[in-house]
There are 2 protein chains.
Amino acid sequence: MGIKERKETEKSEMKELILKTAMKLFLDKGFNNITIRNIAEKIEYSPATIYLYFKNKDEILYTLRGEGFEKLYEWQKTSLNTNDPLKRLLKHGEAYISFALENPEYYDLMFMMRGPVKNIKETNFCDIGLKSYELLKNNVKECMTQGLFPRMDVDIVAFSLWSYVHGIASLIIRSRGIIFPEEQVNDMIKGSLDFMLKVNYDKNWDTYNKSMNQKPELNI
Amino acid sequence: MGIKERKETEKSEMKELILKTAMKLFLDKGFNNITIRNIAEKIEYSPATIYLYFKNKDEILYTLRGEGFEKLYEWQKTSLNTNDPLKRLLKHGEAYISFALENPEYYDLMFMMRGPVKNIKETNFCDIGLKSYELLKNNVKECMTQGLFPRMDVDIVAFSLWSYVHGIASLIIRSRGIIFPEEQVNDMIKGSLDFMLKVNYDKNWDTYNKSMNQKPELNI
DNA sequence: TTATTAAATTAACAATGTTTAGTTATGGGA
DNA sequence: TCCCATAACTAAACATTGTTAATTTAATAA
């Protein structure tokens with residue numbers, strides 16, 4: 001059945017093309033500012049064709065969101081090869097933020113955009129998203145068993161840390177960190193993470209101050 | 001000139017009515033799901049009338065956003081009557097989060113929504129928003145002079161703290177904290193703030209653990 | 001070749017933000 | 001009181017959106 005196979009791969013290739021094109025456009029102008037006709041024009045098909053591959057515009061979003069969660073999970077796993085749990089946590093946070101900043105439209109779809117009203121359960125957020133959350137939780141647990149963290153409720157601490165990196169990422173994505181010049185965003189992220197972990201848990205503020213390779217002069 | 005005055009107040013009352021109605025509708029269904037016709041119908045005027053009071057739909061949003069920044073500023077000022085800078089910081093954070101959760105649609109307009117693409121400078125974000133930011137910065141500075149914080153760059157620490165509360169608020173607003181049952185959201189917020197400040201800077205983890213009046217059992 | 005099925009398009013629909021041209025009401029001056 | 005200028009409002013239209021139904025075109029099987 002060679003033909004049937006070919007048709008199937010063609011179908012999924014077309015789906016992929018639509019998704020890729022849509023994502024590119026969303027990245028540029030945002031989900032709400034891109035029309036089905038825009039996408040259709042870009043891939044040189046009629047608007048109606050898109051509806052042969054996706055039920056509606058929202059389904060494109062949901063699919064991309066799912067892809068995003070997969071990507072994020074992979075991205076975060078790079079932090080696992082670090083042994084020290086505190087350093088691993090730092091790496092984890094950096095990975096999370098760098099994912100957000102290098103894939104802002106994905107991140108937007110996943111965590112910032114007011115989704116088309118639908119119960120979240122039916123999206124695959126819970127399935128894959130929770131895997132990432134478990135990664136974080138395990139890390140937090142280990143920090144606690146090693147006495148690096150207070151023995152608080154694990155979920156609270158995990159949620160705290162998540163909030164922290166999400167806050168940083170989303171403020172920057174929405175240009176609320178605009179008070180800082182572009183080229184110092186990286187320093188600020190590093191500084192923020194240090195503030196949370198290194199500084200608070202090492203408590204060697206003086207040596208820390210000296211070891212900081214540079215203290216950016218910020219002009220508000 | 002009594003008539004002219006009356007006309008003016010009528011005009012501003014109408015503006016107020018439109019804003020109030022729009023906000024109520026946005027709160028329920030979100031900015032993007034409310035139409036000018038919806039607003040017009042609610043106030044029993046024709047859609048075109050709204051354009052006599054606002055240039056377009058976006059201007060309604062901008063106006064509400066400005067109102068939001070004013071409100072937030074007032075809300076935050078309640079923290080100022082606390083003397084201890086660390087406690088004041090905690091209060092400040094609590095105020096910020098409670099504003100966000102009790103005025104989620106305002107908060108959304110102000111910090112989460114991808115604004116209709118426009119340079120931020122022309123909105124009054126910078127003017128009033130910066131006042132709030134200064135409040136925070138001064139507080140941070142005082143913490144530093146009292147040796148409660150490491151002497152890092154003030155902007156970095158301020159941005160960090162802001163990120164933190166923004167992360168908490170926005171995750172909850174977008175129901176990403178949905179893994180936690182509704183009635184424990186408050187405990188989680190309190191716990192998160194404690195994790196950031198009290199725990200890290202008091203460093204009395206054991207006594208802290210005991211002093212926690214309850215340890216919520218969370219079911220993920 | 002012809003019949004059947006899949007793929008794509010055309011043309012329309014209702015709903016949106018917005019504008020234009022026109023209508024109604026209000027207030028002041030004769 | 002009557003007329004008119006201005007303000008307040010509306011009806012009707014416009015272009016653009018997501019989406020669908022009817023139709024055409026292409027690909028496959030008989």
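Per chain, numbering begins at 1; letters A, B, ... match sequence-line order. Because the structure is a prediction, the values reported are computed rather than measured.
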Starting from [atom2] on [N], measure out to [atom1] on [X] and report it in whole angstrom.
X	N	atom1	atom2	result
Lys29(B)	dT16(C)	NZ	C1'	16 Å
Glu8(A)	dA6(C)	CD	C1'	14 Å
Ile60(A)	dG18(D)	CD1	P	9 Å
Lys57(A)	dA15(C)	NZ	P	18 Å
Tyr51(A)	dG18(D)	OH	P	6 Å
Arg37(A)	dT16(C)	CZ	P	16 Å
Lys55(B)	dT19(C)	NZ	P	10 Å
Asn32(A)	dT16(C)	CG	P	15 Å

Original post:
How would you label the contact of Ile34(B) with the nucleic acid (heavy atoms, under 4.0 Å): base, sugar-phosphate, or nothing?
Top reply: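 Ile34(B): backbone/sugar contact only, no base atoms under 4.0 Å.
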Original post:
How about Phe195(B) and Phe149(A): are their ring centroids closer than 6.0 Å?
Top reply: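 So the answer is yes for these two rings.
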Original post:
Is the gap between the ring centers of Phe69(A) and Phe111(A) under 6.0 Å?
Top reply: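 Between Phe69(A) and Phe111(A), the centre distance is under 6.0 Å.
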Subject >> For Phe99(B), ring pair (Phe, Tyr, Trp, His ring centres under 6.0 Å) partners two or more places apart >> reply: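 Listed in chain order: Trp75(B).
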Subject >> Counterpart residues, ring pair (Phe, Tyr, Trp, His ring centres under 6.0 Å), relative to His166(B) (two or more places apart) >> reply: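 For His166(B), the residues satisfying ring pair (Phe, Tyr, Trp, His ring centres under 6.0 Å) (neighbours in sequence not counted) are Tyr107(B).
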Original post:
Who passes side-chain hydrogen bond (donor to acceptor under 3.5 Å, both in side chains) against Thr63(B), sequence neighbours left out?
Top reply: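 So Thr63(B) forms no side-chain hydrogen bond (donor to acceptor under 3.5 Å, both in side chains) with any residue.
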**OP:** Identify the heavy atoms of Met113(B) and Leu61(B) that sit nearest to each other, and give their distance.
**Re:**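 Closest approach of Met113(B) to Leu61(B): SD-CD1, 3.5 Å.
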**OP:** Answer yes or no on whether Lys57(B) is positioned over the face of Phe31(B), meaning its NZ or CZ is under 6.0 Å from the six-membered ring centre and within 45° of the axis.
**Re:**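 Output yes; distance and angle both within limits.
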Subject >> Side-chain donor-acceptor pair present, Tyr133(A), Asn138(A), cut-off under 3.5 Å >> reply: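 Distance-only check fails for Tyr133(A) and Asn138(A).
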Subject >> Inter-axis angle, terminal five-pair segments of the helix from dT1(C)-dA30(D) to dA30(C)-dT1(D) [nearest 10°] >> reply: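 That helix gives 30° between its end axes.
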If you restrict it to nitrogen or oxygen atoms, what contacts under 3.5 Å exist between nucleotides 7-9 of chain C and the protein, and what is each distance?
from   : atom 1 : to       : atom 2 : distance (Å)
dA8(C) : OP2    : Tyr53(A) : OH     : 2.6
dT9(C) : OP2    : Ser46(A) : N      : 2.8
dT9(C) : OP2    : Ser46(A) : OG     : 3.4
dT9(C) : OP2    : Thr49(A) : OG1    : 2.6

Original post:
Tell me the side-chain hydrogen bond (donor to acceptor under 3.5 Å, both in side chains) pairs involving residues 13-22 of chain A, sequence neighbours left out?
Top reply: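 Residue pairs with at least one partner in residues 13-22 of chain A: there are none.
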